[in-house]
> 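Sharing a structure below in structure tokens format, with a few things to ask.
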Number of protein chains: 2
Amino acid sequence: MKQAPANTRFAAVAVDIVIFTIIDDVLCVLLGIVDRPPHYQNIEACIGGLVEVNETTEAALHRHLQTKTTLQNLYIEQLYTFSEIERDKRNRVISVSYLGLVRQSEDVTSLPEGLRWCPVHELPKLAYDHSDMFAVAYSRLKGKLAYTTIAQFLLPKTFTLTELQRVYELITGAHIDKRNFRKKLLSLDVVKETGRMQEGMKNRPAALYTFKTTKLVELPLLT
Amino acid sequence: MKQAPANTRFAAVAVDIVIFTIIDDVLCVLLGIVDRPPHYQNIEACIGGLVEVNETTEAALHRHLQTKTTLQNLYIEQLYTFSEIERDKRNRVISVSYLGLVRQSEDVTSLPEGLRWCPVHELPKLAYDHSDMFAVAYSRLKGKLAYTTIAQFLLPKTFTLTELQRVYELITGAHIDKRNFRKKLLSLDVVKETGRMQEGMKNRPAALYTFKTTKLVELPLLT
DNA sequence: GCAAAAGTGTTAGGTATACACCCATGC
DNA sequence: GCATGGGTGTATACCTAACACTTTTGC
């Protein structure tokens, strides 16, 4: 195993991830119970864990996600590195934080013991500096919504245009005109009709769309 | 001094900074000679250094800037954290990188031995993963130029509108119409006339402007 | 008076916004 | 047939983009 330089026994490096999803028309974030007396008891935080000497921060993140959740196919991007000396009152830990998005689907709601989806508007005070971390993540999400197709990672692979519009409305908090939204979106040439229709609705069924690519595309989706 | 957890003797954490400035109408980046045999000889890199256990990454960055350069009043923002295991062939080092901008002024060109300003279009292959780091920094700079007033940190405190326009043209590589640029800029209400004029020009002297605030302001400065 | 850069308005085309009604389905 | 959300077009205001000449200064 590759060693750190002998004279630089350093702080631990950790990764933490702020994971968003939409459940029942509410934007939620994944929180886990922290139980680390004396400083952190009866308090929640984003999930994460230490980085080993022989793994990248991305590898560490995936390892912690696998051992602590059953979530699959997340969209992940690096967010910010937090290094305040007292950010973890127990030890010196530098944290590389990530933003994660999970598509809406059934298995999202089946979480292991100790984890929960918390609506972002009911967020409690979090352990460590995770309240700041959440704020950075939420701000990044809002920002990227406007000029990328990041919303796709909060929706099922196929979705109705109304569902996509709701993602924008939920996260920006603003009402969007249905006709203008569709006109703009279709002009950007990033989604295509699947030809299939929503089923089991008690009203007129909506056409199902899908993004042309699962990559994040940069373009001004909202003005 | 606060200790790292006993069981987490970790890789070193470093900071590195990609510093841009404009010299003689050319966008340049600060490089320093690296001399670390056997892997890194006769090669340049961005400046940086290790983070100590009892300092934040920002504090470490300022410490290394002070000891290695005479630059003052930089604009600095965190960029990205690089953690590839082999990114430094000598030891495991995670690097928190920063973007730095220095205003054009005389003292910018008086650099200590071993440092130089390299035009971004003549950039050599850099040590470690600093070529990637540069690419991320350059991309961030281009991106933020479009929707913030970040250009102010590449200009003297007072400047002419033509100088400001040149910053945009240099970094985006696109020609901008003078009349449209001025109209847009003035409508955004971020700069004000100082009332003073450029002196010593062999042509008509230009009015000197200044930004209303030295904070970074977010707004669409370019379409 | 000539060279060099500063400064200034108008028009046309495209984009954003505001707005209301009919349609398809389940019950 | 009624309640529910799906789906569609137009008119206006605004913003963007293209474009050329006069002004001021140093030499």
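Here is how names work: the chains are called A, B, and so on, in the same order as the sequence lines, proteins then strands, and each is numbered from 1.
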> Between B:L186 (CG) and D:dC15 (C1'), how many Å, whole number?
16 Å
> Can you check the A:M201 CE to D:dG6 P distance for me, whole Å?
9 Å
> Applying side-chain contact (heavy atoms from CB on, under 4.5 Å), name anything that partners A:K157, two or more places apart in sequence or on another chain.
A:R103
> Rounded to the nearest Å, what distance is computed from the CG atom of residue A:N203 to the P atom of nucleotide C:dC22?
19 Å
> State which of D:dG7, C:dA24, D:dT23 makes the closest approach to the side chain of B:R204.
D:dT23
> How close or far is atom P of D:dG7 from atom CD of A:E193, stated in whole angstroms?
8 Å
> Of the nucleotides C:dA6, C:dA24, D:dT4, which has the atom closest to the A:K202 side chain?
D:dT4
> Mind checking A:T162 for me? I need base, sugar-phosphate or nothing, with any heavy atom below 4.0 Å counting as a touch.
sugar-phosphate
> What is the distance, to the nearest angstrom, from the CD atom on B:E199 to the C1' atom on D:dT24?
15 Å
> Please give, in whole Å, the distance from D:dG26 P to B:Q198 CD?
12 Å
> Does B:K144 pair with B:E218 as a salt bridge, N-O distance under 4.0 Å?
no
> Under a 3.5 Å threshold, yes or no: a donor from one side chain and an acceptor from the other, between A:T57 and A:Y98?
yes
> Determine whether the aromatic ring centres of residues A:F20 and A:F153 are separated by less than 6.0 angstrom.
no
> Is B:E163 salt-bridged to B:R166, going by a charged N under 4.0 Å from an acidic O?
no
> Where along residues 171-185 of chain B does a heavy atom fall under 4.0 Å from DNA chain D?
B:D177, B:R179, B:N180, B:K183, B:K184
> Taking only residues two or more places apart in sequence or in another chain, which ones pass side-chain contact (heavy atoms from CB on, under 4.5 Å) with B:D132?
B:F82, B:D129
> Would you kindly give the CZ-to-P distance between B:R166 and C:dA5, to the nearest whole Å?
11 Å
> Salt bridge check, B:E44 against B:R116: does any charged N sit closer than 4.0 Å to a carboxylate O?
yes
> Rounded to whole Å, how long is the line connecting atom CG of B:L219 with atom P of D:dC15?
14 Å
